[in-house]
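Note sheet for the following structure.
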Amino acid sequence: MTARIREFLKRRVDEGPCLVVDLDVVRDNYNSFAKALPDSKVFYAIKANPAPEILKLLVELGACFDVASVGETEAVLAAGATPDRISYGNPIKKESEIAAAYRLGVTLFAFDCEAEAEKIARAAPGSRVICRIHCDNAGADWPLSRKFGCEPAYAADILEFAHRQGLVPHGISFHVGSQQNNVAAWDRALASTAAIFRTCAERGINLSMVNLGGGFPAKYIRKTPKLESYGKAIFRSLRKHFGNAIPNTIIEPGRGLVGNAGMIEAEVVLIARRTREDEVRWVYLDIGKFHGLAETIDESIRYPIKTPKDRDEMAPCIVAGPTCDSVDVLYEKTPYPLPVSLAIGDKVLIEAAGAYTATYSSVGFNGFPPLRQYVI
Ligand SMILES: *Cc1c(COP(=O)(O)O)cnc(C)c1O
């Protein structure tokens with residue numbers, strides 16, 4: 001926890017769970033990316049946390065942005081970014097959305113099939129396009145595989161198709177899966193990418209950019225490699241597959257930029273035993289899957305949960321949210337150790353909750369308001 005967040009929570013008087021994000025940490029993270037991957041431009045994947053204060057800070061720091069919708073495009077422009085700093089990275093768009101983004105000045109779009117190239121050619125003529133390829137997401141705690149990306153062997157064909165539609169084939173993108181624990185995960189995708197670059201060159205199409213996507217981890221409970229190791233491994237793979245002709249690269253961190261910058265303060269609503277001798281207590285918090293902790297689906301993301309009594313004896317608990325939906329259980333398969341002395345009304349801190357929480361919060365399922373967010 002940062003001293004600034006601690007001070008803020010001490011003075012806080014309102015009720016209910018809230019997320020507090022420290023902009024100083026976002027700034028440090030941005031600088032760490034610039035240092036670990038000095039040749040790659042940062043395009044912040046704003047879906048991780050689109051708070052206007054975060055976008056404004058990143059505009060000031062010189063970042064670019066990966067957006068997935070017209071709404072996200074407008075948010076980035078409202079924060080002061082010019083449209084040349086925007087990549088529309090969602091390969092699934094309505095033609096009307098492409099047209100709206102193009103009217104706002106966006107001229108860089110992702111696609112992964114011929115039908116999408118036709119839409120972009122009609123709605124955003126002459127734009128640069130990046131072909132998203134499918135890649136292995138092994139090693140990721142939150143995989144994104146299968147929904148996006150053509151098979152690498154098909155990419156040159158659809159880039160050539162896009163070229164014939166009057167678009168400018170610009171490069172290749174992929175995503176190795178979010179919270180990627182393996183620093184070498186980029187290697188195979190980069191081998192495929194280099195092969196696509198060669199095939200396209202033979203057909204007279206010169207690609208110039210590789211979008212390395214996100215996947216850079218936040219620190220939850222499990223230890224993760226240092227950002228520096230990711231930078232080194234990626235550079236080694238670029239050298240190996242592209243030799244001396246390393247293309248321009250961009251990265252699209254979401255979680256890695258904001259994950260560890262935020263912390264949720266929540267409260268224990270109830271502690272129950274289901275039988276008199278039950279070893280495992282059910283601990284119900286005032287926040288659950290529907291109000292910010294959606295990434296606990298399948299217990300994929302295991303947040304550090306801190307209490308004021310962590311020096312006391314610990315015992316395993318099932319941790320659940322407050323709603324009347326049985327899906328709203330956070331940790332059960334692997335019970336969570338919490339202090340035996342934990343009591344109803346105690347505050348708990350859910351750390352590293354800056355990414356994919358407030359934006360995932362429902363509008364008000366079961367009458368619980370969306371997760372409140374403070375950016376300090
Ligand atoms: C979500 C997303 C990202 C961000 O991924 P992280 O693992 O959070 O860094 C980057 N690029 C694209 C295209 C995405 O959809």
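Both ligands and their constituent atoms are indexed starting at 1 by order of listing. Everything quoted here is computed from the prediction, not taken from an experiment. Excluded from the calculations below are hydrogen atoms, water molecules and symmetry mates; all remaining heavy atoms, backbone and side chain alike, are included.
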Report summary line: Nearest heavy-atom contact between Cys150 and Ile158 is SG-CD1, 3.9 Å

Report summary line: Between Glu295 and Ser300, the two heavy atoms sitting closest are O-CB, 3.6 Å

Per-pair distances, 0.1 Å, donor-acceptor, side chain in residues 62-69, under 3.5 Å, sequence neighbours excluded:
unit_1	atom_1	unit_2	atom_2	d
Asp66	OD1	Gly89	N	3.4
Ser69	OG	Glu72	N	3.1

Requested in this report: Check step by step if side-chain contact (heavy atoms from CB on, under 4.5 Å) holds for Trp282 and Leu270.
Outcome: CA-CA 8 Å; Trp282 279 78; Leu270 180 66; over 6 Å; no

Query - Contact residues of ligand 1, where a non-hydrogen atom lies under 4.0 Å away - result: Ala45, Lys47, Asp66, Arg132, His175, Ser178, Gly214, Gly215, Glu252, Pro253, Gly254, Arg255, Tyr356

Requested in this report: Name all residues meeting the salt bridge (Lys or Arg N to Asp or Glu O under 4.0 Å) criterion together with Lys232; count only those two or more places apart in sequence or in a different chain, and write none if there are none.
Outcome: Glu228

Between side-chain atoms of residues 177-184 and protein atoms elsewhere (two or more places apart, or another chain), which donor-acceptor pairs fall under 3.5 Å?
unit_1	atom_1	unit_2	atom_2	d
Ser178	OG	Arg255	NE	3.1
Ser178	OG	Arg255	NH2	3.2
Gln179	OE1	Ala218	N	3.0
Gln179	NE2	Ala218	O	2.8
Gln180	OE1	Asn182	N	3.0
Gln180	NE2	Ala138	O	3.1
Gln180	NE2	Val176	O	2.9
Asn181	ND2	Gly139	O	3.2
Asn181	ND2	Asp141	OD1	3.2
Asn182	OD1	Ala184	N	2.9

